[in-house]
Peer 1: 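Would you mind keeping the following structure in view while I ask a few things?
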Amino acid sequence: MPRLVLLPGKERSILKRHPWIFAGSVARLEGRARRGDTVEVVADDGRLLGRAAWSPDSQIRARMWSFSPDTPIDHAFFKRGVAACVARRASHPGLAGETGLRLIHAESDGLPGVIADRFGDVVVMQLTSAGADKWREAIVAALVQATGCRAVYERSDSEVRALEGLAPVTGCVHGELPEGAPVIAEGAVKMEVDVVAGHKTGFYLDQRDNRRLTGEFARGRDVLNCFCYTGGFSLHALAGGAKSVLSIDSSAPALEGARRNLALNPALDAARAEWRQADVFEALRALKSEGRSFDLIVLDPPKFAPSAAHAARASRAYKDINLFGFRLLRPGGILMTYSCSGGIGLELFQKIVAGAAADVGVDARILHRLSAAPDHPVGLAVPEGEYLKGLVVQVD
Ligand code: SAH
């Protein structure tokens, strides 16, 4: 097996069980390895540290599969790893019955570059690293065996694949997709999931618990849901007894999905829902000049800062929408505001939101600090796996 030899001292992060080996930590590769091949990882003093996948095109030059020097990386490894992820979800009291569920959350689940989401009896798989791409067949077989699903659909069309020298791959890799889109239930709300053309793997499962909380806050309130995608927060607000819900997104297909989702839930009062296709930055200003105001506002924008390098520009964008959020809130109103940017930590996000409230001249307090649902765990050794943060803020 080829050997990746580290520079002196560069074994430290591996000993802390962090799975990434950056290009700058590598002294040399002994032997030949092709993209995705398994390599033995060796410290400068010759100590064996484990096995990793070789990513020659990426700044993350290798990702650890195992921190034990003698675990073979083979079909049985993926069978065990995938089954363990599925079993962890099944043993979680809040996740066991979910029909929409993240089964594998990449690095934080011990399988770098592997994402798998279950929607009913369809599993959507996304492979984002050279090593994961190499083991496609083993991962698919393991998913089928662990879940008994009817189909596995691959959505390896994330732009991060380019950093690994990988082209996009999409399509059915096991079984056949059912006729209609899979439908999942989040509490009382049914949602269909466009696994072929939807964002990411089709649905933002990470916000499941936070959508539920919106439902709990919504009774009797006029709600504004910005960046609504297929209407998740909107439908939960309606189910929770909102007086009205105005939902805004710039994407026509997302809004069509939202309307179909509303129709899937005949118990909800469609007359209370208003949909607007618009740019949120402009729409917030327009709502202010129309004299509109709301009791509950949800801001769940796309990733403005994929990495820390984008933090300054992203901060301005977060500040802008939160500023208008506060301007549009009635006294006693509630802002549920999120950032899914890895490059913006909770501390910075809270500062931005506080700055927006101060600029508007309102006093406000944090009722809840929110994160992704527990099927999106954060590996203790991989703090950069934490990306979603939310604040529920009430104004005076
Ligand atoms: N809250 C949603 C997920 C939001 S994803 C849920 O719970 O499912 C972010 C959404 O923002 C996407 O639907 C995207 O189409 C939309 N979007 C991105 N930029 C936008 C902009 N400037 N104005 C309006 N919508 C935007």
Side-chain angles (χ1 to χ4, degrees), residues 1-4 6 10 13-14 16-26 29 32-41 49-68 71-75 77-82 84-85 102-117 123-143 152-171 173 200-201 206 303 306-307 342-343 376-379 381-387:
M1 193 185 304
R3 288 159 55 98
L4 184 166
L6 293 170
K10 295 300 184 187
S13 74
I14 306 291
K16 288 188 194 143
R17 304 184 82 79
H18 193 282
W20 292 351
I21 300 172
F22 286 95
S25 302
V26 178
L29 180 73
R32 289 165 67 97
R34 283 162 307 161
R35 184 189 292 138
D37 281 354
T38 302
V39 296
E40 215 162 37
V41 179
L49 300 170
R51 289 177 184 178
W54 179 243
S55 285
D57 301 282
S58 174
Q59 277 306 106
I60 302 174
R61 195 53 50 92
R63 286 175 161 84
M64 299 297 287
W65 284 129
S66 169
F67 295 95
S68 108
T71 299
I73 306 307
D74 54 11
H75 274 70
F77 171 83
F78 290 98
K79 193 171 151 183
R80 281 195 312 275
V82 169
C85 292
R102 173 148 297 190
L103 298 174
I104 307 177
H105 193 49
E107 269 76 348
S108 288
D109 266 317
L111 291 171
V114 183
I115 287 168
D117 287 343
V123 171
V124 180
M125 175 184 80
Q126 185 169 76
L127 307 177
T128 60
S129 67
D133 194 80
K134 181 104 182 177
W135 287 99
R136 171 178 289 102
E137 208 191 303
I139 295 164
V140 173
L143 279 168
V152 180
Y153 191 83
E154 179 162 8
R155 279 294 302 274
S156 300
D157 51 2
S158 158
E159 66 284 2
V160 300
R161 275 174 68 93
L163 303 174
E164 298 272 318
L166 302 168
V169 178
T170 57
V173 283
K200 304 211 288 186
T201 60
D206 51 1
K303 208 190 294 173
S307 75
H376 298 62
V378 182
V382 204
E384 52 275 71
E386 181 142 37
Y387 62 101

Peer 1: For Glu40, is the CD atom crowded, meaning more than 12 foreign heavy atoms sit under 6.0 Å from it?
Peer 2: yes
Peer 1: Is the number of heavy atoms from other residues, nucleotides or ligands under 6.0 Å of Lys10 NZ greater than 12?
Peer 2: no
Peer 1: What are the two closest heavy atoms between Pro112 and Ala132, and how far apart are they?
Peer 2: O-CB, 3.9 Å
Peer 1: For His376 and Glu386, what are the C-alpha separation, side-chain angles and deciding distance, and is it a side-chain hydrogen bond (donor to acceptor under 3.5 Å, both in side chains)?
Peer 2: CA-CA 9 Å; His376 298 62; Glu386 181 142 37; over 6 Å; no
Peer 1: For the residue pair Ser66 and Ile73, what are the closest heavy atoms and their distance?
Peer 2: CB-CD1, 4.2 Å
Peer 1: Hey, are Arg136 and Glu154 close enough for a salt bridge, meaning a charged N less than 4.0 Å from a carboxylate O?
Peer 2: yes
Peer 1: Taking all atoms of both residues into account, what is the closest heavy-atom pair of Gln126 and Lys200, and its distance?
Peer 2: NE2-O, 4.5 Å
Peer 1: Looking at Gln59, I want to see if its CD is surrounded by more than 12 non-hydrogen atoms of other residues, nucleotides or ligands under 6.0 Å.
Peer 2: no
Peer 1: So, for Lys79 and Ala142, which heavy atoms are closest and what is the spacing to 0.1 Å?
Peer 2: CA-CB, 3.8 Å
Peer 1: Would you please name every residue forming a side-chain hydrogen bond (donor to acceptor under 3.5 Å, both in side chains) with Lys134, sequence neighbours left out?
Peer 2: Asp37
Peer 1: Check the pair Arg161 / Val169 against side chain to side chain contact (heavy atoms under 4.5 Å, CB included), numbers first and verdict last.
Peer 2: CA-CA 10 Å; Arg161 275 174 68 93; Val169 178; 3.5 Å; yes
Peer 1: Are side-chain heavy atoms of Met125 and Val140 found at a separation under 4.5 Å?
Peer 2: yes
Peer 1: Check each of Ile60, Val39, Ile14 against Ile21 using the side chain to side chain contact (heavy atoms under 4.5 Å, CB included) test, and report the only one that passes.
Peer 2: Ile14
Peer 1: Give me each pair satisfying salt bridge (charged side-chain N to carboxylate O under 4.0 Å, His left out) with a member in residues 103-112, each pair once, sequence neighbours excluded.
Peer 2: Arg63-Glu107, Arg88-Asp109, Arg89-Asp109
Peer 1: Rounded to the nearest 0.5 Å, what separation is found between the NE2 atom of His75 and the CD1 atom of Ile139?
Peer 2: 9.5 Å
Peer 1: If I compare all heavy atoms of Ala130 with all of Ser55, which pair ends up nearest, and what's the gap?
Peer 2: CB-OG, 3.5 Å
Peer 1: Would Met64 and Trp20 count as a side chain to side chain contact (heavy atoms under 4.5 Å, CB included) if you check the C-alpha gap in whole Å, the side-chain angles of each, and the deciding distance to 0.1 Å?
Peer 2: CA-CA 6 Å; Met64 299 297 287; Trp20 292 351; over 6 Å; no
Peer 1: Which is it for Phe77 and Thr71 under the side chain to side chain contact (heavy atoms under 4.5 Å, CB included) test, yes or no, and what are the steps along the way?
Peer 2: CA-CA 8 Å; Phe77 171 83; Thr71 299; 3.9 Å; yes
Peer 1: Taking it one step at a time, do Leu4 and Trp54 satisfy side chain to side chain contact (heavy atoms under 4.5 Å, CB included)?
Peer 2: CA-CA 9 Å; Leu4 184 166; Trp54 179 243; 3.9 Å; yes
Peer 1: I want to check something: taking the side chain as every heavy atom from C-beta on, are Arg32 and Pro2 in contact at a cut-off of under 4.5 Å?
Peer 2: no
Peer 1: Between atom OG of Ser108 and atom CD of Glu384, what is the distance when rounded to the nearest 0.5 Å?
Peer 2: 8.5 Å
Peer 1: Taking Glu164's backbone N and O only, do any of them form a donor-acceptor pair with Ser58's side chain (distance below 3.5 Å, no angle check)?
Peer 2: no
Peer 1: When rounded to the nearest 0.5 angstrom, what is the spacing between CD1 in Ile104 and CG in Leu127?
Peer 2: 9.5 Å
Peer 1: OG/Ser129 to CG/Leu163 distance, rounded to the nearest 0.5 angstrom?
Peer 2: 11.5 Å
Peer 1: Do the side chain of Ser156 and the main chain of Pro168 share a donor and acceptor less than 3.5 angstrom apart?
Peer 2: no
Peer 1: Nearest 0.5 Å please: distance from the NZ atom of Lys16 over to the CZ atom of Phe67.
Peer 2: 12.5 Å
Peer 1: Any carboxylate oxygen within less than 4.0 angstrom of a Lys/Arg side-chain nitrogen, looking at Arg35 and Asp57?
Peer 2: yes
Peer 1: May I ask you to test the Ile115-Val124 pair for a side-chain heavy-atom distance under 4.5 Å?
Peer 2: no
Peer 1: Work out which heavy atom in Gly36 is nearest to a heavy atom in Ala53; give both atom names and the distance.
Peer 2: O-CB, 4.2 Å
Peer 1: So, using ring pair (Phe, Tyr, Trp, His ring centres under 6.0 Å) as the criterion, who are the partners of Phe78 when residues are at least two apart?
Peer 2: Trp65, Trp135
